[in-house]
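This report concerns only the one structure given below.
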Amino acid sequence: MVTAMTMPWDTADDLTTALFHVRMRGAFYCWTEASGGAAVEMPRIDHTLSFHIVDAGTAWLEVDGAAPLQLDPGTLALVPRGLGHRISCRPGGPLLGRADPLPQTMIGDSFSVLRIGSHDADPEVRLLCGVVAFDSPAVEGMLEILPPVVDVDADEYPVARALLPLLREEMAVPRPGGSAMATRLADLLVLETVRAWIAREEATASGWLAAARDPQLGRVIAAVQRSPGHPWSLETLASVARMSRTSFAVRFTEVVGVAPMAFVGQWRMRVGRGLLLRGDSVAAVASELGYGSEAAFRRAYQRITGETPGSVRRSAR
């Protein structure tokens with residue numbers, strides 16, 4: 001008798017499973033060499049994650065409302081939720097403007113080299129900057145609960161420690177296929193930083209990330225993530241948790257920060273956004289997520305997200 005092979009992710013918890021299969025939907029990377037103390041502005045881009053990985057020298061990351069963060073060699077910093085911020089050789093340096101319109105050398109469709117300051121002087125800092133979006137409702141939800149800046153030390157994580165010199169070599173010695181190699185290495189560095197943050201912050205996680213680790217609430221989070229279009233109600237969610245309706249509602253709200261049915265609606269919209277960006281029709285997404293009509297889904301989507309399904313599909317194009 002032939003038995004099905006059990007894969008490692010078949011027995012993993014649901015958060016691990018979601019992150020195992022994560023894919024980046026879009027990414028743009030920029031290898032930056034800067035001198036002269038100048039600063040550049042990274043624009044706000046909703047539903048994305050910006051990051052900076054310092055290879056040499058010291059950079060400073062400034063987000064409004066937070067103290068400047070010093071980034072030393074080997075530091076990997078994430079700025080979630082598309083928050084605008086500034087990156088510089090020293091705090092308060094002269095602002096050159098937005099990074100994206102500055103003259104830079106394209107070495108592929110999604111990779112560029114930006115040199116700031118004097119071309120005759122050695123750069124004060126070398127770093128990889130970029131913007132990525134993920135094709136995963138789980139990661140989108142995770143980004144919403146991250147602090148404004150997440151930083152990790154690559155020396156503490158063997159994968160990141162190994163990848164950074166490989167990326168540096170690709171940038172220093174151009175070879176055939178260099179753009180593809182640099183992009184893949186950058187992809188892996190970003191994913192490793194997200195994994196590092198999860199490993200470091202698991203004990204203090206909040207929101208649905210904390211609920212996913214809870215023996216009772218975790219069953220609910222997993223059930224909603226697996227079947228967002230199911231006709232969920234407070235009663236059915238409480239039964240999945242094996243709790244009374246009142247006790248479940250109180251505990252879920254305390255841990256996650258929103259009421260159970262509000263979480264269901266938010267998760268459906270995260271899934272719906274991914275389907276719309278993939279090119280699915282509004283009618284197909286409405287059906288997939290259990291809405292009785294396209295109009296009902298449109299109303300729910302706009303009420304919860306502030307966007308219209310049509311605007312999301314147009315942004316994908």
Side-chain angles (χ1 to χ4, degrees), residues 27-43 49-64 66-80 83-107 110-132 148-174 178-179 181-183 185-190 192-194 196-197 200:
F28 187 86
Y29 301 108
C30 179
W31 182 263
T32 303
E33 299 180 351
S35 61
V40 294
E41 180 184 358
M42 308 300 291
L49 170 76
S50 296
F51 69 92
H52 304 280
I53 303 171
V54 178
D55 176 54
T58 298
W60 291 83
L61 176 63
E62 300 177 73
V63 178
D64 288 341
L69 176 66
Q70 181 175 327
L71 307 180
D72 295 317
T75 301
L76 301 89
L78 308 179
V79 182
L83 297 175
H85 56 285
R86 292 165 299 284
I87 192 81
S88 62
C89 298
R90 60 182 68 103
L95 187 63
L96 298 180
R98 281 176 45 146
D100 43 321
L102 292 176
Q104 47 201 290
T105 302
M106 298 299 301
I107 61 172
S110 58
F111 212 114
S112 72
V113 176
L114 173 63
R115 292 185 172 89
I116 302 170
S118 173
H119 292 269
D120 298 326
D122 291 334
E124 295 178 44
V125 60
R126 291 196 306 266
L127 69 161
L128 176 71
C129 305
V131 180
V132 300
V149 179
V150 173
D151 65 292
V152 300
D153 185 350
D155 286 341
E156 298 178 10
Y157 302 95
V159 174
R161 189 169 61 245
L163 289 172
L164 199 52
L166 294 175
L167 179 62
R168 181 195 309 125
E169 183 178 348
E170 287 296 333
M171 302 307 302
V173 184
S179 173
M181 285 292 294
T183 301
L185 290 169
D187 287 350
L188 293 172
L189 271 168
V190 173
E192 175 63 3
T193 307
V194 173
W197 178 84
R200 189 182 70 184

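All of these numbers come straight from a predicted model, not from anything done at the bench.
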Please confirm whether the backbone N or O of L102 pairs with a side-chain atom of Q104, one donor and one acceptor, at under 3.5 Å?
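Pair found, side chain donor or acceptor close to backbone of L102.
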
Could you tell me the separation between the [atom1] atom of [X] and the [atom2] atom of [Y], rounded to the nearest 0.5 Å?
{"X": "W60", "Y": "S88", "atom1": "CH2", "atom2": "OG", "value": "8.5 Å"}
{"X": "E62", "Y": "L69", "atom1": "CD", "atom2": "CG", "value": "10.0 Å"}
{"X": "S50", "Y": "F28", "atom1": "OG", "atom2": "CZ", "value": "12.5 Å"}
{"X": "C89", "Y": "E124", "atom1": "SG", "atom2": "CD", "value": "4.5 Å"}

Taking the side chain as everything from C-beta on, heavy atoms only, tell me whether [X] gets closer than 4.5 Å to [Y].
{"X": "D64", "Y": "R86", "value": "yes"}
{"X": "H52", "Y": "L61", "value": "yes"}
{"X": "V40", "Y": "I87", "value": "yes"}
{"X": "L78", "Y": "V149", "value": "no"}

Using side-chain hydrogen bond (donor to acceptor under 3.5 Å, both in side chains) as the criterion, list what pairs up with E33, not counting sequence neighbours.
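Testing E33 for side-chain hydrogen bond (donor to acceptor under 3.5 Å, both in side chains), a comparison that skips the adjacent residues, returns W31, R115.
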
Quick one: list whatever passes side-chain hydrogen bond (donor to acceptor under 3.5 Å, both in side chains) with D100, sequence neighbours left out.
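Partners of D100 under the side-chain hydrogen bond (donor to acceptor under 3.5 Å, both in side chains) test: R98.
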
Could you report the tightest heavy-atom contact between [X] and [Y], atom names first, then the distance?
{"X": "P165", "Y": "A162", "answer": "CD-O, 3.4 Å"}
{"X": "P73", "Y": "G57", "answer": "CD-O, 3.1 Å"}
{"X": "C30", "Y": "L114", "answer": "SG-CB, 3.4 Å"}

Criterion side-chain contact (heavy atoms from CB on, under 4.5 Å) on V79 and F51, from CA distance to verdict:
CA-CA 6 Å; V79 182; F51 69 92; over 6 Å; no

Mind checking whether Y29 and F111 have parallel, tilted or perpendicular rings, split at 30° and 60°?
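Y29 and F111: tilted rings.
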
Testing L76, D55, T32, I53 one by one against L128 for a side chain to side chain contact (heavy atoms under 4.5 Å, CB included), which residue passes?
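In the set L76, D55, T32, I53, the residue that makes a side chain to side chain contact (heavy atoms under 4.5 Å, CB included) with L128 is I53.
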
Using the side-chain contact (heavy atoms from CB on, under 4.5 Å) rule, take T58 and Q70 through it: C-alpha gap first, then chi angles, then the decisive distance, then the call.
CA-CA 7 Å; T58 298; Q70 181 175 327; 3.5 Å; yes

